[in-house]
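Written out below as structure tokens is the structure these notes cover.
In the text below, chain A, chain B and the rest are named by the order of the sequence lines, each starting its count at 1. The figures here come from the full heavy-atom set of this structure, side chains too, leaving out hydrogens, waters and symmetry mates. Quick caveat: nothing in here was measured; it's all calculated off a predicted structure.
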Amino acid sequence: MPELPEVETVIRELKPMIVGKEIDSVTPVWFKTLVNRSERLLRGQRIEAVERIGKYIILRLSRSFLIIHLRMTGRLHFDPGNGALQVKEQGLNHLRLIVNFTDGSKLLFNDTRKFGRFYHVDDPKRVLQNVGDDALDPRLTAERFYEMLKNRKIGVKAFLLSQRWIAGLGNIYADESLFRAGIHPERKCNTIDLVKAKELWDAVQFILKQAVENMGSTISDYRDAYGNPGKNQLYFKVYRRAGEPCFNCGTAIKKIRAAGRGTHFCPVCQT
DNA sequence: CCATGTACCTGAAGGC
DNA sequence: TGCCTTCAGGTACATG
């Protein structure tokens, strides 16, 4: 499910709901969701801040960190505890973990496929050591992006999907960014010159920012903290458009497997 | 270093 | 209707 824009949407909404709350207890519903040894250590800790690097949500607590990854189908919802839970549809069919706050409100984690994780750690580096800078980090520049690309023989889609260099892109926004920049997903990184690298970097920035403005993309499972779907799926140019005409040239959009993922591109516009 | 396959899970969709 | 296969916003790990 969620890539950077979906995670950003969720935390923007969640932040005012949970910052300052004190954890009373955590109820693990599915035993693998909470990764740690001692959920008792969470009692009495306050949520000091809600941050994000790539697709990772970082809850800064009084004495430790709770790092959340939604993976494919994870959803976070807030239950104010007064009976006014706002979640729509069947948002809570697959409840996997509950954070109970001392004021009676709760943070609910729903996750159909059970891939999502809450990592309780003293040092965020334990989870984030192989995660690069956030794709929307203003300190990143096209020049630094080019430096990362220029000596790699890996296909450019695989590069964008790896969280190790730039964090936050997933399958949808990698395909959409490559289309916008006119680059074939299997092109080797080291064949991209500085000018083309800048075009790709600008495309990544545009695609991600547009998706944040549209509250993320909903294909099936993704919902924001209120249970609402995103609107950005209406702006897809290639993703899930196999066989349909390219908006630039009319050629049928192709679907192949690249970097192990279904990959959509225009065989004429993307070289 | 790089590509590919498998594992982790559930459910929707398509073919027969 | 039912059965079987494939696929899905992700990542970690094993194998050539």
Side-chain angles (χ1 to χ4, degrees), chain A residues 1-10 29-33 35 52-57 67-76 89-97 109-119 126-132 135 148-178 185-191 204 207-208 210-212 214-224 228-236 238-243 255-264:
Chain A
M1 160 225 339
E3 306 179 32
L4 184 154
E6 290 74 32
V7 178
E8 177 65 21
T9 301
V10 169
V29 180
W30 172 246
F31 76 107
K32 288 184 177 177
T33 301
V35 181
R52 181 187 62 72
I53 295 179
K55 304 167 196 172
Y56 292 83
I57 298 167
I67 301 184
I68 306 169
H69 200 301
L70 306 174
R71 292 288 181 95
M72 299 289 268
T73 57
R75 298 182 191 177
L76 288 167
E89 301 173 35
Q90 308 118 0
L92 302 171
N93 273 352
H94 302 282
L95 204 56
R96 304 303 183 199
L97 183 142
F109 181 64
N110 192 82
D111 184 19
T112 305
R113 290 177 69 182
K114 299 178 173 173
F115 291 166
R117 293 291 181 267
F118 281 55
Y119 304 95
R126 284 191 53 149
V127 179
L128 303 173
Q129 59 181 343
N130 290 321
V131 177
M148 293 186 235
L149 284 173
K150 73 174 186 187
N151 291 324
R152 275 178 229 290
K153 296 173 184 165
I154 192 177
V156 63
K157 171 144 180 186
F159 174 88
L160 292 177
L161 284 181
S162 169
Q163 304 299 295
R164 185 183 181 103
W165 299 292
I166 302 289
L169 285 159
N171 205 36
I172 292 177
Y173 301 116
D175 280 4
E176 293 294 319
S177 298
L178 288 168
E186 291 177 305
R187 182 159 161 193
K188 304 298 178 199
C189 293
N190 62 5
T191 68
V204 166
I207 291 291
L208 292 177
Q210 173 183 252
V212 171
N214 289 317
M215 317 280 282
S217 304
T218 294
I219 304 307
S220 58
D221 295 282
Y222 169 71
R223 297 295 183 281
D224 70 10
N228 293 316
K231 299 181 180 70
N232 195 66
Q233 64 279 8
L234 302 173
Y235 298 85
F236 291 167
V238 285
Y239 186 76
R240 292 227 171 168
R241 292 195 65 247
K255 183 177 181 186
I256 59 170
R257 195 152 287 270
R261 312 294 302 277
T263 297
H264 316 74

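With values rounded to the nearest 0.5 angstrom, L128(A) atom CG is found 11.0 Å from Q163(A) atom CD. Rounding to the nearest 0.5 Å places CD1 of I57(A) at 11.0 Å from CD1 of I67(A). Rounded to the nearest 0.5 angstrom, S162(A) OG and M148(A) CE are separated by 11.0 Å. A distance of 6.0 Å separates NE2 of H69(A) from NZ of K55(A), quoted to the nearest 0.5 Å. Considering NZ of K114(A) and NE2 of H94(A), their distance stands at 9.5 Å, rounded to 0.5 Å.
When all heavy atoms of Q233(A) and T218(A) are compared, the closest pair comes out as OE1-N, 2.9 Å.
A straight line from CZ of R164(A) to P of dT11(C) spans 14 Å, rounded to a whole angstrom. Taking atom NZ on K153(A) and atom C1' on dT4(B), their separation rounds to 18 Å, with Å as the unit. For the pair E186(A) CD and dC2(B) P, the interatomic distance rounds to 16 Å; values are reported in whole Å. The nearest whole Å value for the distance from the CD1 atom in I219(A) to the C1' atom in dG11(B) is 16 Å. Distance, L160(A) CG to dT11(C) P: 13 Å, rounded to whole Å. When rounded to the nearest whole Å, the span between CD of Q163(A) and P of dA12(C) equals 9 Å. Atoms CG (L70(A)) and P (dG10(C)) sit 11 Å apart, rounded to a whole Å. Atom-to-atom, CD1 of I166(A) to C1' of dG10(C) comes out at 18 Å; the value is rounded to the nearest Å.
Residue contacts for G155(A): at a heavy-atom cut-off of 4.0 Å it reaches the sugar-phosphate backbone alone, with no base atom in range. Contact annotation for Y56(A): backbone-only contact, meaning every heavy-atom pair under 4.0 Å involves sugar-phosphate atoms and none involves a base. Using a 4.0 Å heavy-atom distance criterion, G170(A) is classed as a sugar-phosphate-only contact. At a threshold of 4.0 angstrom between heavy atoms, the contacts of S217(A) include nucleobase atoms, whether or not backbone atoms are also involved. Among the protein residues, Y239(A) comes within range of the sugar-phosphate backbone only, with heavy atoms under 4.0 Å from sugar or phosphate atoms but none that close to a base.
In this structure, E176(A) contributes its side chain and I207(A) its backbone to no donor-acceptor pair below 3.5 Å.
dG5(B) sits 16 Å from dT6(C) when the C1' atoms are compared, rounded to a whole Å. The same atom, P, is picked in dC4(C) and in dC9(B); the two are 23 Å apart, to the nearest Å. With both ends at atom P, the span from dT6(B) to dT5(C) equals 15 Å, rounded to whole Å. Between dC8(B) and dC3(C), the two C1' atoms lie 24 Å apart (nearest whole Å).
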>> Counting Watson-Crick and G-U wobble pairs with both distances under 3.5 Å, what is the dot-bracket string for DNA chain B, 5' to 3', using [ ] for crossing pairs and | for pairs to another strand?
In response: .|||||||.|||||||
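Within the structure, every side-chain polar atom (N or O) of H69(A) is placed at least 4.0 Å from both OP1 and OP2 of dG10(C). Remark: K188(A) is not in phosphate contact with dC2(B), judged by side-chain N or O atoms under 4.0 Å from OP1 or OP2. Taking side-chain N and O atoms only, H94(A) has no distance below 4.0 Å to OP1 or OP2 of dC9(B). OP1 or OP2 of dA8(C) sits under 4.0 Å from a side-chain N or O of R257(A).
T191(A) is linked by a side chain to side chain donor-acceptor pair (under 3.5 Å) to R187(A), counting only residues two or more places apart in sequence or in another chain. When the salt bridge (Lys or Arg N to Asp or Glu O under 4.0 Å) test is applied to R52(A), the partners found at least two apart in sequence or on another chain are E8(A), D134(A). For the salt bridge (Lys or Arg N to Asp or Glu O under 4.0 Å) test, no residue two or more places apart in sequence or in another chain qualifies with K231(A).
Partner of T73(A) under the side chain to side chain donor-acceptor pair (under 3.5 Å) criterion, out of D221(A), D111(A), N110(A): D111(A) alone.
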Atom pairs under 3.5 Å, N or O on each side, protein against nucleotides 13-15 of chain C: can you list them with distances?
none

Polar atom pairs between nucleotides 6-8 of chain B and protein, under 3.5 Å, N or O only, would you list them?
| from | atom 1 | to | atom 2 | distance (Å) |
| --- | --- | --- | --- | --- |
| dC8(B) | O3' | K32(A) | NZ | 3.3 |

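Closest to the side chain of E3(A), out of dC9(B), dT11(C), dG10(C), is dG10(C).
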>> Does R75(A) form a side chain to side chain contact (heavy atoms under 4.5 Å, CB included) with L92(A)? I'd like the steps, not just the answer.
In response: CA-CA 9 Å; R75(A) 298 182 191 177; L92(A) 302 171; over 6 Å; no
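The closest side-chain heavy-atom distance from R117(A) to K32(A) is below 4.5 Å.
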